[in-house]
**Q** 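Please see the structure below; I have some questions.
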Protein chains: 2
Amino acid sequence: MRVNQLAKNLNITGDTVRFYTRIGLLSPAKSSVNGYKDYSDKDQSRMQFILSARNLGFSVDEIKVIFSRTDQGESACGLVRQMIQQKLEETEKQFEEMVKLRRKLSNAVEDWSHKPDKAPTGNMICHLIEGTYAESSQLEANREASMTPSLED
Amino acid sequence: MRVNQLAKNLNITGDTVRFYTRIGLLSPAKSSVNGYKDYSDKDQSRMQFILSARNLGFSVDEIKVIFSRTDQGESACGLVRQMIQQKLEETEKQFEEMVKLRRKLSNAVEDWSHKPDKAPTGNMICHLIEGTYAESSQLEANREASMTPSLED
DNA sequence: ATAAACCTGTGTGTTAGACACAGGTCAAGG
DNA sequence: CCTTGACCTGTGTCTAACACACAGGTTTAT
Ligand SMILES: [Zn+2]
Ligand SMILES: [Zn+2]
Ligand SMILES: [Zn+2]
Ligand SMILES: [Zn+2]
């Protein structure tokens, strides 16, 4: 099976398959007749695994680590359980960053609606942006925390 | 003023200042004596503007567009208002992606807690990952939506 | 045979800096 | 004057996960 066939089977682009081949996660045989890469069914299920892992937010490097176990017949389950736990924590942090940014932006939109347009001066490029402070107030941070959806039932 | 002095003033690294110099957002004079770059106060306020804009999530390219106006004395306010509106929408999308990912991960952790470890086989690399489906159910999506903190008061 | 259509591998571009590094500069000491 | 060491500078390279461009090979139809 050639690159575009595999790609079509999994509904991805040939470039994606080539990428994972280039970095060594897929190792197709080389057709002796035309030099084209020849992907096996195992390559396809490997690619499918990569997609599932990426879907869960695993990085390519993390997937490499997983393969380094499973390619030797060892179970990666323990490792994977540990990895996803850490990933959940990272996601939580990023989530909170997003919440902050979202509030920062909507606050800016609100503030700016009270301000007029201005031409730039020697020490002011755009007063809208320059007048927007980075840190959100503690009060807002608390309010946001109370609005953050939890994972508990 | 030299690169590290400017960096210290704004509490950033010299590399950051060099980066923005390299891509042309800062244009310091060159000291004729030693070739070192010589930053003016205007360069510093430019750098400060860049930091404020980056803090609001503006990309370097967007900042370039802003400068292309203000460097000719034209106000960028209209443009900036339009940009931030769009950025707010993008952020909203990314936020929802984060929410989905977070739930996907915590669902996986829950599901996996009921499953045993397994060794890889010919067509299964890690059943935990492979058995985790991409799409969250509509029910969960709705529940998530109701838990999503809104920006309204 | 030939032309069009399709396919392949590889090189490069993308973000916003971080890091490495060879070499320049400067004050203190001999 | 010279040297040692500390500090500083500009530039080249690296990052993640592909997407895109492109020259050239292959296949199919005529
Ligand atoms: Zn497993
Ligand atoms: Zn208001
Ligand atoms: Zn403005
Ligand atoms: Zn349960």
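Just so it is clear, the structure is predicted and the values come from calculations on it, not from any experiment. These numbers come from the heavy atoms of this one structure, side chains and all, not from hydrogens, waters or symmetry mates.
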**Q** Run the side-chain contact (heavy atoms from CB on, under 4.5 Å) test on B:Gln85 and B:Gln82 for me, step by step, so that the C-alpha distance in whole Å, both residues' side-chain angles and the decisive distance to 0.1 Å come before the verdict.
**A** CA-CA 5 Å; B:Gln85 200 66 47; B:Gln82 181 180 337; 5.8 Å; no
**Q** Quick one: B:Lys8 NZ to D:dC7 P, roughly how many Å, whole number?
**A**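 It is 10 Å, rounded to the nearest whole Å.
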**Q** Quick one: A:Phe19 CZ to C:dG9 P, roughly how many Å, whole number?
**A**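 Value for this atom pair: 16 Å.
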**Q** Taking NZ in A:Lys115 as the centre, count heavy atoms belonging to other residues, nucleotides or ligands within less than 6.0 Å. Is the count above 12?
**A** yes
**Q** Round to the nearest Å and state the distance from A:Lys37 atom NZ to D:dG25 atom C1'.
**A** 15 Å
**Q** With heavy atoms under 4.0 Å as the rule, sort A:Arg54 into base, sugar-phosphate or nothing.
**A** sugar-phosphate
**Q** Could you check B:Asp61 against B:Val33 and say which one's nearest nucleotide on DNA chain C is further toward the 5' end?
**A** B:Asp61
**Q** Look at A:Thr13 and D:dC18 and indicate whether a side-chain polar atom (N or O) is within less than 4.0 Å of OP1 or OP2.
**A**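 A:Thr13 to D:dC18 OP1/OP2: no side-chain N or O under 4.0 Å.
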**Q** What is the distance, rounded to the nearest whole Å, between atom CZ of B:Arg18 and atom C1' of D:dT13?
**A**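 Rounded to the whole Å, the gap is 15 Å.
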**Q** Assess whether one donor atom and one acceptor atom, taken from the side chain of A:Arg22 and the base of C:dG11, lie less than 3.5 Å apart.
**A** yes
**Q** Check this one for me: any side-chain N or O of B:Thr16 less than 4.0 Å away from OP1 or OP2 of C:dA18?
**A** yes
**Q** CD of A:Gln5 versus P of C:dC6: gap in Å, rounded?
**A**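 After rounding, the gap between these two atoms is 15 Å.
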**Q** When you get a sec, tell me which of D:dA17, D:dT9, C:dG17 is the closest nucleotide to the side chain of B:Val3?
**A**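 Of all the options, the side chain of B:Val3 is nearest to D:dT9.
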**Q** Let me know the distance between CG of A:Leu25 and P of D:dA17, rounded to the nearest Å.
**A**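 One finds 10 Å between P of D:dA17 and CG of A:Leu25, rounded.
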**Q** Is the distance from OP1 or OP2 of D:dA16 to the nearest side-chain N or O of A:Lys64 less than 4.0 Å?
**A**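 Negative; the distance criterion is not met.
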**Q** Got a sec: does the CZ of B:Arg81 have more than 12 other heavy atoms crowding it under 6.0 Å?
**A** yes
**Q** Please confirm whether the shortest side-chain N or O distance from B:Arg2 to OP1 or OP2 of D:dT9 is below 4.0 Å.
**A**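 Yes, within the criterion.
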**Q** Output the rounded distance in Å from OH (B:Tyr39) to C1' (D:dC8).
**A**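 Atom OH in B:Tyr39 sits about 13 Å away from atom C1' in D:dC8.
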**Q** If you look at every strand shown and take non-hydrogen atoms under 4.0 Å, does B:Asn34 touch a base, only sugar-phosphate, or nothing?
**A**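 Since only primed, P, OP1 and OP2 atoms lie under 4.0 Å of B:Asn34, the category is sugar-phosphate.
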**Q** Need to verify one output field. Residue with the more 5' nearest nucleotide on DNA chain D, B:Asp15 or A:Val60?
**A**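 Going by which nucleotide is closer to the 5' end, it is B:Asp15.
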**Q** What is the minimum heavy-atom distance between B:Val80 and B:Ile66, and which atoms define it?
**A** CG2-CD1, 3.8 Å
**Q** I want to check one thing: is the phosphate of D:dT9, taken as OP1 and OP2, less than 4.0 Å away from some side-chain N or O of B:Asn4?
**A** yes
**Q** A:Cys126 and side chain to side chain contact (heavy atoms under 4.5 Å, CB included): which partner among B:Cys77, B:Ser75, B:Ser52?
**A**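 Going through the options one by one, the only one that passes is B:Cys77.
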**Q** Using a cut-off of less than 4.0 Å, is there contact between a side-chain N or O of A:Tyr20 and OP1 or OP2 of D:dA17?
**A**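 So the side-chain polar atoms of A:Tyr20 never come under 4.0 Å of the phosphate oxygens OP1 or OP2 of D:dA17.
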**Q** Check every atom of C:dG17, C:dC19, C:dG24 against the side chain of B:Tyr36 and return the nucleotide holding the closest atom.
**A**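 Among C:dG17, C:dC19, C:dG24, the one nearest the side chain of B:Tyr36 is C:dG24.
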**Q** Whole-Å distance between C:dG17 P and B:Asn11 CG?
**A** 14 Å
